[in-house]
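Worksheet: one structure, shown below.
Counting begins at 1 with the first residue of the sequence.
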Amino acid sequence: MPKIVYHGTTSYDKQYLSLTNINTIDLTKGNKKVDFGQEFYVTSIYKQVLAFARYRTNFVNDNEAKLVRPIIIKYQLDIDLMRKFRGQVFPCPCEEWAEFVYNNRVGERFVISNSHNI
């Protein structure tokens with residue numbers, strides 16, 4: 001598990017956080033039917049998160065466009081603390097990963113196994 005991870009966003013992300021308080025994350029704001037379920041997404045791949053942050057700047061209205069900039073937030077994980085939480089680590093896109101993603105996308109009524117984050 002990486003010790004450093006990144007979150008890509010914009011200078012004002014209405015879904016999770018605001019520029020005035022990037023230390024507060026509201027997990028209930030996320031979409032439930034996404035790859036890994038309702039959560040706050042991070043990655044250890046800086047180029048990936050930078051591309052996503054730049055992409056997100058395309059979805060602001062014209063009034064906000066001049067003010068919104070891509071932002072990368074860097075987090076240092078406490079690996080010992082992380083082990084206390086329920087979760088899964090997928091080192092690569094494999095069959096188990098694909099099943100987990102499928103189950104999260106289709107929702108509780110259509111899951112094919114217990115591998116999900118619903």
**OP:** Check salt bridge (charged side-chain N to carboxylate O under 4.0 Å, His left out) between Arg105 and all other residues, then give those that pass, not counting sequence neighbours.
**Re:**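 Asp35.
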**OP:** For Asp78, check salt bridge (charged side-chain N to carboxylate O under 4.0 Å, His left out) against everything at least two apart and list the hits.
**Re:**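 None.
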Please round to the nearest 0.5 Å and tell me the distance separating atom [atom1] of [X] and atom [atom2] of [Y].
X	Y	atom1	atom2	result
Tyr6	Ile71	OH	CD1	15.5 Å
Gln76	Ile4	CD	CD1	4.5 Å
Glu99	Ser113	CD	OG	3.5 Å

Subject >> Remaining members of the apolar cluster that contains Ile112, side-chain heavy atoms under 4.5 Å >> reply: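 Ile112 shares its hydrophobic cluster with Tyr102, Val106, Phe110.
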Original post:
With sequence neighbours left out, what residues match Lys3 under side chain to side chain contact (heavy atoms under 4.5 Å, CB included)?
Top reply: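 Ile79.
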Original post:
Who passes side chain to side chain contact (heavy atoms under 4.5 Å, CB included) against Asn114, sequence neighbours left out?
Top reply: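 With sequence neighbours excluded, Asn114 shows a side chain to side chain contact (heavy atoms under 4.5 Å, CB included) to no residue whatsoever.
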What pairs of donor and acceptor atoms, side-chain ones from residues 44-51 against any protein atom, are under 3.5 angstrom apart with sequence neighbours left out?
unit_1, atom_1, unit_2, atom_2, d
Gln48, OE1, Thr43, OG1, 3.1

Quick one: closest heavy-atom pair of [X] and [Y], and the distance?
X	Y	value
Thr9	Ala53	O-CB, 3.2 Å
Val111	Asn103	CA-OD1, 3.3 Å
His7	Tyr75	CB-CE1, 3.9 Å

